[in-house]
Amino acid sequence: MDPLIIGLIVAGMLVLDLVAALWWARSMAKKHPEPLWDWDALEPELDQVVFPPDFRWGTATAAHQVEGGHTDNNWARWEREPDAKGKSRIQNGDLCGSAAEHWERFAEDIAAMRADLGVDTYRFSLSWSRIEPSPGAYDEAALAHYDAVIDACEAHGIEPMISLHHFSHPLWFEDLGSFEKVENIDYIVRFTETVYRRYGGRVRLWCTFNEPGPFSVMGWGLGVFPPGKKSPRVLGRVIRNLCAAHVQMVAAIKALPGGGDAQVGLVKNIFQMDPWQRWNPVHWLLCRVLDHVYNESILRFLRTGRVQIRIPFFVNIDEQLDGPRGDFAGLNYYANLLIDPLLPREPPFDAHSRPGQIMTDMPYTIYAEGLWRALHRLSEVGLPIYITENGIADATDDRRATWIRRYLYATKRAMDDGVDVRGFYYWSLMDNFEWAEGWAMQFGLYALNRETQERRLRAGAQPFVDTIARSRDP
Ligand code: BGC
């Protein structure tokens, strides 16, 4: 055939493909709108928001981030050991060290959260490495410590919510291959049974895993959390095993005396993904793939029990997991990401923003519409929702009040739409060790002076305090 004709046919086919791709991007843009509310117009409404009287108000922390003194968990080693180039894995070479000394100061912290903030629930995680320093050996002093934490909560009218796994676990568990190996699930199930036997009679609210998405993607996809691997294949397996472990942990609690009364849930982080250019099929494609791995894999599991993870050329998991999936869904919401294939894949991340959006100290903006979207999406799971984390890194405290007012407004708006939200835990009670970002990010309602360990309530916390008070006494 005449080369000119062949050229014309190929060019014609390419044009058709391009038109089809643009058409697909257009239909995706219609199907998945990116709402942007007029915050100036909404301004007068923000201080009028009132929540139902039985809505639960809390703050949240995690053991490794606040307790201090951890030496034998996956994070303590990660902070100490430099990477292949001899550089610390933590921003500024920070170490968690004595953190906020919450191990020693929990009683004053719990008293203050009631007196200053008015909250009635506290979400904290148990330090597995302290409770079970070697496989099967439980440390009575560590178990007694959390009895005392629960006592302090009770003394101040605060309902505890316990997280069983919040990113950190014992070194021995890490060295056994942690969640890469299906047989290791038994260890966390045994830990769950042990602590439920101990505290179950006094604690009703339990979270199994904090954020299987970030925990696995950062640890096995991007390699910026321990164990620092970059393997899509292992990543897929870890997500699958976390889902399986969740089912077994819920079943274990339910089978124990009093377990029927426990409320158990998985904490899902929804990272709202939108394409940077809404007309661009490449941006949409990447957005869909990332959303599938990070969000949809866990959401589908929560909705149906089916774990389906497809990473082209690497992972093809499709498995139905039978068993209980929990009584509530926890939502951690922080960020939306405007996806563009050129975005950096390693810290320091540098994110896009839309005109007029305010950046936080983390590489994302204040986008409360994203929390509203995430609540609607999570409501498809069909379980009551607790917002188990939401808050801003704001060292200068000049955006915290805006964040709180907007995100509480978005929460109430979703509730008015019919989404069953039962409570809101602000992240975090005080500044704490922000994982790979070390001490650089300050999320606390209380500023922490690390030299003196003094806690100072930030002015930006006021709308949180006011909304709680207004909702109790409208
Ligand atoms: C984690 C917290 C973390 C927070 C702020 C959440 O993903 O559960 O441990 O400090 O985000 O980045």
* Trp57 and Tyr426 aromatic centres sub-6.0 Å -> no

* **Contacts of Asp83 that satisfy salt bridge (charged side-chain N to carboxylate O under 4.0 Å, His left out) - sequence neighbours left out** => none

* **Closest contact, heavy atoms only, His70 versus Ala76** => O-CB, 3.6 Å

* Rounded to the nearest 0.5 Å, how far does NE2 of His292 lie from SG of Cys287? -> 13.5 Å

* Centroid-to-centroid, Tyr425 to Trp427, below 6.0 Å? -> no

* Nearest heavy-atom neighbours spanning Ala99 and Val66 -> CB-O, 3.5 Å

* Structure fact -> By ring-ring contact (aromatic ring centres under 6.0 Å, His included), Trp37 pairs with (sequence neighbours left out) Trp39, Trp372, Tyr409

* Which atom pair, heavy atoms only, marks the closest approach of Leu383 to Asp327? -> CD2-O, 3.9 Å

* To do: Would you please name every residue forming a side chain to side chain donor-acceptor pair (under 3.5 Å) with Trp128, sequence neighbours left out?
  => Glu132

* Structure fact -> Applying side chain to side chain donor-acceptor pair (under 3.5 Å) to Asp416 and not counting sequence neighbours gives Lys412

Contacts under 3.5 angstrom, residues 7-15 side chains, donor-acceptor by atom type, not counting sequence neighbours:
none

* Examine Phe179 together with Phe173 and report whether their ring centres are nearer than 6.0 Å. => yes

* Asked: Between Trp279 and Arg26, is there a cation-pi geometry (under 6.0 Å to ring centre, at most 45° from the normal)?
  -> no

* To do: Would you please indicate if the ring centroids of Phe167 and Trp435 are separated by under 6.0 Å?
  => yes

* For Arg306, check salt bridge (charged side-chain N to carboxylate O under 4.0 Å, His left out) against everything at least two apart and list the hits. => Asp318

* To do: Check salt bridge (charged side-chain N to carboxylate O under 4.0 Å, His left out) between Arg56 and all other residues, then give those that pass, not counting sequence neighbours.
  => Asp120, Glu159

* To do: For Arg354 and Asp274, run salt bridge (Lys or Arg N to Asp or Glu O under 4.0 Å): C-alpha distance rounded to whole Å, both residues' side-chain angles, the deciding distance at 0.1 Å, then the answer.
  => CA-CA 11 Å; Arg354 303 286 184 215; Asp274 288 300; over 6 Å; no

* Asked: Taking the six-membered ring for Trp, are Trp78 and Phe225 ring centroids under 6.0 Å apart?
  -> no

* How would you list all residue pairs meeting side chain to side chain donor-acceptor pair (under 3.5 Å) that involve residues 380-389, not counting sequence neighbours? -> Arg123-Glu389, Asn332-Thr388, Asn332-Glu389, Tyr334-Glu389

* Results of side chain to side chain donor-acceptor pair (under 3.5 Å) for Glu434 - residues two or more places apart only -> none

* Asked: Is it true that Phe209 and His246 have ring centroids separated by less than 6.0 Å?
  -> no

* Asked: Do Tyr367 and Trp403 make the cut of ring centroids closer than 6.0 angstrom?
  -> no

* **Shortest non-hydrogen separation from Leu176 to Asn184 and the atoms involved** => O-ND2, 3.0 Å

* To do: Please list, chain by chain and in numerical order, all residues satisfying side chain to side chain donor-acceptor pair (under 3.5 Å) with Glu174, sequence neighbours excluded.
  => His169

* To do: Quick one: closest heavy-atom pair of Ala436 and Trp75, and the distance?
  => N-CH2, 3.8 Å

* Asked: Which residues pass the salt bridge (charged side-chain N to carboxylate O under 4.0 Å, His left out) test with Arg377, sequence neighbours left out?
  -> Asp291, Glu296

* Asked: How would you list all residue pairs meeting salt bridge (Lys or Arg N to Asp or Glu O under 4.0 Å) that involve residues 60-72, not counting sequence neighbours?
  -> Glu67-Arg130

